[in-house]
Amino acid sequence: MQPLTLTLFRCVVPLLLTAVCASISAQEVERDLLCVPVAQDGAPVPNLRRGGGNMSLPFFDDFASPTFAGEEGPIELVRWSDGSARRTATYAMNAPTVGQATLEGLRSDGFPYAFNEDATGWADTLTSVPINLAGRTPEDNIFLTFFYQGGGRGNAPDENDSLVVEFLAPDGGELGWSQVWSATGADMDTFAVAAVAVDQLIHLQDGFRFRFRNHGALAGNVDLWHIDYVLLDDNLNPDNLGYFEVAFTDPRHTLTAPYSIMPWSHYLSDPASFMLDSMVTDHRNMSAFQADNVTCGLKVRNVTTDATEDYLNPFSLTSVPPSSVFNEQYYIQEPYIENGVVLVEPSGFAFSDPGNDTAATFEVSLYENSIGILEQERVGVPDNDSLVFTQVFRNEYAYDDGTAEKAYGLTTGGGKLAVRYDLAVPDTLHGLAIHFTPYYNEQSNLNFLLRAWSDDDGVPGDELGENYVFHQPQYFTDGHDVFAYYTYDDPIPVEGTVHVGLVQEAEFSLNVGLDKNTDFNFSRVHYQLGLGAEWTLSTIEGTVMIRPVLQAGVEDVFTAVDAVPTAAQAAIAVWPNPAEDALTIRADERMEPRRIMMVDMTGRTVAETPWTPGAQQMQLGVSDQPRGAYLLLVEDIQGALFTRRILLN
């Protein structure tokens, strides 16, 4: 799983939020995800060499390891030289093994090929490295085999969409590509198997390549195809494809409950109570033969101290039926009891204290014994016989796993969305980390206010604090499932149960990320459709991706949530603050400011002046303004707004 990156975004518009009564059609909605920024795609590698030549058979990839050019991993594992497809682990359903390649309507930078819901055409591509088939003949029975699925947990391709395979005749250059296989779009919850013969002499040469392409909607993360377990080899019988492999099929992302992330100081208040009681991992025996003596284990490495704890699962499955799915259970804080008899004692594992009271990071590995002729020893990277994730403790709470398969929204002006969190210890609430997802129309011009509520017997009660600063959804193309960080007008003391969220101005859905691999909405998420409406418990399966960010003992809250400053987030400095007669505003040298505005707490612009071109700092007179709190805004030439809260006395 990619580490979470939070980006600070805060702005104000001179408007007042209008409370609108809920209309008959207003509701909470779940939408297919249309833009998931990707972390990194491989750069083209025109001719990747190994041992003095192109790759030899067999070619195999189960997408459990970093095999795309440009990914961080051993060069010998690279199987794909270019393309805009991406490795995923949470979109497919009932996968052969953990990890797939997903093709949809997103470019390699994570934005749609065309922000037009009617646009269709060729979208993603996944191209193999060059392969040496020189000297091979049709009698060698070389086949390309793979598993594929349309849709899964994401948007399914319709009957006008397709997935194709193309082969390259090396002597033809880029004109040598020809289509050799295709599948029509369909909503699939299982994987199908394809086998394509490589038996033409124009393909049986050194430098042969193959590629996957999808044709469908270009408007974002729609018309999804998932590919898994790709094998190109000789002496294959497509009517009797035998695999000897036992593998994990689904990822895991946390050993704690109910939170996947929480402040380290909060966790330390009662470590055992926040650990999972037990955990189940899903596996598949892909072989037509019985698998014997499958054992599993749990290994945790403290990244700070490098101390490692290893727990072998107390019992193994001595016989796994052929071609079957099975699971292994890990007893962490509770025993395995059958007929009143304790058969397995719990490990009692809890994350150990590295001596830091503000943050901690652990690398968690779930592993099974390697079984399979295609199993490879891959040092330093995950394989399909292991699951590796990072368990992070930092100054935020989270239920979600960090991936947004779909989008969630309310369709009424004045609609309120609240997520309940039960805090382990009293603290100070500073802001919210929210992941927004573009859905056809970018919503970055829509306004919302942050809100926090006390608890009233399980539902949101009285509002906590006063928040008048407008915010807008922010989208990114520099990472996968990036969260924006929005600050409350003032820090809010909180303890016990608190509900955090937002109230939107317009009737259009803001499209908050919806994690479909966890499900806390039904017990933790409430919404209110306009002024005077009752709080209603969500009925949409999944978890909205809204996280409270707390002080939790750190000095700099923003830095503590792993924000990565960029030129687009350049700072402004304002002094004196509090002020009497004038303010001096200094812009970071990376900024190109255009104007300065001062806004009062009702959202009214009370002062405005252009920024002198080329100047690094400006002065703004404030002696004629009423004393009190204001927001100072500096707008750059791209229209981005940078704010500072000021006080006149």
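Heavy-atom basis, side chains included; hydrogens, waters and symmetry copies ignored. Computed from a predicted structure; not experimentally measured.
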What distance do [X] atom [atom1] and [Y] atom [atom2] have between them, rounded to the nearest 0.5 Å?
X    : Y    : atom1 : atom2 : result
R547 : F483 : CZ    : CZ    : 3.5 Å
T88  : E405 : OG1   : CD    : 9.0 Å
D61  : L232 : CG    : CG    : 12.5 Å
D401 : T403 : CG    : OG1   : 3.5 Å

Residue pair [X] / [Y]: nearest heavy atoms and the distance that separates them:
X    : Y    : answer
L103 : A85  : CG-CB, 3.8 Å
D228 : G99  : OD1-O, 3.2 Å
L168 : G207 : CD2-O, 4.1 Å

Without hydrogens or angle criteria, can the side chains of [X] and [Y] be said to hold a donor-acceptor pair below 3.5 Å?
X    : Y    : result
N447 : Q472 : yes
Y259 : T254 : no
T281 : N327 : no
E368 : H283 : yes
S260 : Y399 : no
E104 : N214 : no
D400 : T518 : no

Do the two ring centres, one from [X] and one from [Y], sit under 6.0 Å apart?
X    : Y    : result
F210 : W80  : yes
F59  : F208 : no
Y367 : F248 : no
F389 : H253 : no

So do [Y] and [X] actually touch side chain to side chain, heavy atoms under 4.5 Å?
X    : Y    : answer
I131 : L133 : yes
L529 : T411 : no
S162 : R213 : no
P96  : M286 : yes
Y91  : H226 : yes
W177 : T127 : yes
Y527 : L410 : yes
P258 : F520 : yes

Return all side-chain donor-acceptor pairs below 3.5 angstrom for residues 135-143, not counting sequence neighbours, or 'none' if the list is empty.
from	atom 1	to	atom 2	distance (Å)
R136	NH1	D234	OD2	2.6
T137	OG1	E139	N	3.4
T137	OG1	E139	OE1	3.2
D140	OD2	T137	N	3.0

H471 side chain to F448 backbone, donor-acceptor under 3.5 Å: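 Answer holds: no.
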Thinking salt bridges, do R211 and E166 make one under a 4.0 Å N-O criterion?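 A salt bridge links R211 with E166.
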For the pair R87 and E71, find out whether any cationic side-chain nitrogen is under 4.0 Å from an anionic carboxylate oxygen.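 Salt bridge flag = yes for E71 with R87.
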Establish, yes or no, whether the cationic atom of R209 lies under 6.0 Å from the six-membered ring centre of F167 and within 45° of the ring axis.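 Negative - R209 is either too far from the ring of F167 or too far off its axis.
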For Y229 and Y243, what are the C-alpha separation, side-chain angles and deciding distance, and is it a ring-ring contact (aromatic ring centres under 6.0 Å, His included)? CA-CA 10 Å; Y229 220 76; Y243 302 101; 5.2 Å; yes
Could you walk me through whether D124 and Y113 pass side-chain hydrogen bond (donor to acceptor under 3.5 Å, both in side chains), step by step? CA-CA 9 Å; D124 281 350; Y113 287 96; 2.6 Å; yes
Classify the ring geometry of F146 against F212: parallel below 30°, tilted from 30° to 60°, perpendicular beyond 60°.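 Correct class here is perpendicular.
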Ring geometry between W122 and H215 (parallel below 30°, tilted from 30 to 60°, perpendicular above 60°):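 Aromatic pair H215/W122 classed perpendicular.
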The criterion is salt bridge (Lys or Arg N to Asp or Glu O under 4.0 Å); which residues satisfy it with D282, sequence neighbours excluded?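 By the salt bridge (Lys or Arg N to Asp or Glu O under 4.0 Å) rule, D282 matches R252.
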Mind listing the side-chain donor-acceptor pairs of residues 178-201 below 3.5 Å, one per line with the distance, residues two or more places apart or on another chain?
none

